[in-house]
Amino acid sequence: MTIAEIQQEILRIKKERDICILAHSYQAREILEVADFTGDSYKLSVDASKSTNKNIVMSGVRFMAETCKILAPEKRVFLPNPHAGCSMADQMDKQLISQVKEKYPDYTVVAYINTTADLKTICDVCVTSSSAVEICRKIENDNILFIPDCNLGDYVAKQLPEKNFKLLSGGCPIHACVNTDDVKKAKSLYPNAEVLVHPECTPDVVAMADYVGSTSGIMNYAINSDKKEFIIGTEISIAEHLQYMCPDKKFHYLSLKLICPNMKSTTLVDLYNCVKGDAGEEIILDDATIGDAKKCIDEMIRLG
Ligand code: 13P
Ligand code: SF4
């Protein structure tokens, strides 16, 4: 089958089976083309909560599919490739954070959405990269324990000097492996380009950027900018999508190290097999986990 034929079949089956397909912006172009909703993790969680279909297929990584299930427990939610985890979300568990909470009883626990459903059950509020600064600003408590990404936490803390942040040493190994030499090299190769980076990059890389934002933030900035050339400091698929969307502009990868194997593990064929019911994993969470984890996601939507 050709790519176009597989896409046609996916569109036909999803209608027949009442499926809503959500796809994160890091997914391949041929997947985004058949999705009902695309975007960053914040937008997708809001889209999931509003979807009217009986079934949701989340083409992204496991924590995103879990978030859909928490927000829409009455729906069946599927992850096309069960191996699509998130290295950051797997770094911290409930046991570790329970111990840390005991050390900092006066702190509000802010969990980046890149955490497991189980860990969210003991956190106070979730944030995404696009909403973290605004939500932390609105939290009444000035003491914030920000988990698991110390790079995003550092970025947020610098915007809110009036608050006390405690950070742990977690983060995205993909974004964190880009360094200042990579930025210098890209800038010397493309001196007219603006550098746009995700706040999961290290603080020294973030300090060299012209713009810092979520995946959607980076895309919107580049699309709306009068500038013609950009160095993209997030997963390489974003530069690729932007190149299709703005053929008159130039997009360069900040580094070829910025490839997320988890996001790349879902293929169009996985999605096809999943909508057919032949592959993928249904996300099953118990009622207590859904109830407790929902509190901090609802709080994110309320404050976001
Ligand atoms: P966004 O919140 O920007 O979608 O990022 C999710 C992610 O996993 C980035 O690595
Ligand atoms: Fe997780 Fe990093 Fe991949 Fe995003 S890029 S899904 S944080 S491993």
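Atoms within each ligand, like the ligands themselves, are counted from 1 in listed order.
If you look at H24 next to ligand 1, the close heavy atoms, those under 4.0 Å, all belong to the side chain. No part of Y42 comes within 4.0 Å of ligand 1, judged by heavy-atom distances.
Protein heavy atom nearest atom 9 (C) of ligand 1, with residue, atom name and distance: E200 OE2, 3.1 Å. From the protein, the heavy atom lying nearest to atom 2 (O) of ligand 1 is S41 OG, 2.6 Å. Atom 7 (S) of ligand 2 has its closest protein heavy atom at N114 ND2, 3.2 Å. The protein heavy-atom contact nearest to atom 8 (O) of ligand 1 is N114 ND2, 3.1 Å. The protein heavy-atom contact nearest to atom 5 (O) of ligand 1 is H198 NE2, 3.4 Å.
Remark: distances from the non-hydrogen atoms of S129 to ligand 1 include one below 4.0 Å. Distances from ligand 2 to the non-hydrogen atoms of H24 include no value under 4.0 Å. Residue-ligand proximity: M88 is placed with every non-hydrogen atom at 4.0 Å or more from ligand 1. Contact between M263 and ligand 1 is absent, with no heavy atom of the residue lying under 4.0 Å from the ligand.
A salt bridge links K158 with D154: the distance from a Lys NZ or Arg NE/NH1/NH2 to an Asp or Glu carboxylate oxygen falls below 4.0 Å. The pair R29-E240 does not meet the salt-bridge criterion, since no charged nitrogen lies less than 4.0 angstrom from a carboxylate oxygen. Classification of R12 and E9 as a salt-bridged pair holds, one side-chain N sitting under 4.0 Å from a carboxylate O. Ion pairing of D210 with K227 is absent here, as no side-chain N (NZ or NE/NH1/NH2) approaches a carboxylate O to less than 4.0 Å.
Looking only at protein N/O/S atoms, the ones less than 2.8 Å from atom 3 (Fe) of ligand 2 make 1 in total.
Between the side chains of T128 and S130, a donor-acceptor pair is found at a separation under 3.5 Å. Looking at N143 and N164, their side chains do bring a donor and an acceptor atom within 3.5 Å of each other. Residues T267 and D270 bring a donor and an acceptor atom of their side chains to less than 3.5 Å of each other. Between the side chains of N55 and D18, no donor N or O sits under 3.5 Å from an acceptor N or O. A donor-acceptor pair shorter than 3.5 Å can be found between the side chains of D204 and T202.
Close N/O approach between S214 and ligand 1 is not found [any backbone or side-chain N/O within under 3.5 Å]. Considering backbone and side-chain N/O of D40, none are found under 3.5 Å from N/O of ligand 1.
Interface atoms of ligand 1 facing Y26, defined by a heavy-atom separation under 4.0 Å, are 7 (C), 9 (C), 10 (O). Close approach of ligand 1 to H175 is summarised as follows: ligand atoms under 4.0 Å from at least one heavy atom of the residue are 10 (O).
Evaluated for a side-chain hydrogen bond (donor to acceptor under 3.5 Å, both in side chains) with T234, the options H175, H198, E200 yield exactly one hit, H175.
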When you look at T108 and N141, which way does the side chain to side chain donor-acceptor pair (under 3.5 Å) test go after all the steps? CA-CA 7 Å; T108 294; N141 190 354; 3.1 Å; yes
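Side chain of K257 to main chain of D182: no donor-acceptor pair is present (N/O by atom type, distance under 3.5 Å, no hydrogens or angles).
Within a 6.0 Å radius of CD1 in I3, other residues, nucleotides and ligands contribute 12 heavy atoms or fewer.
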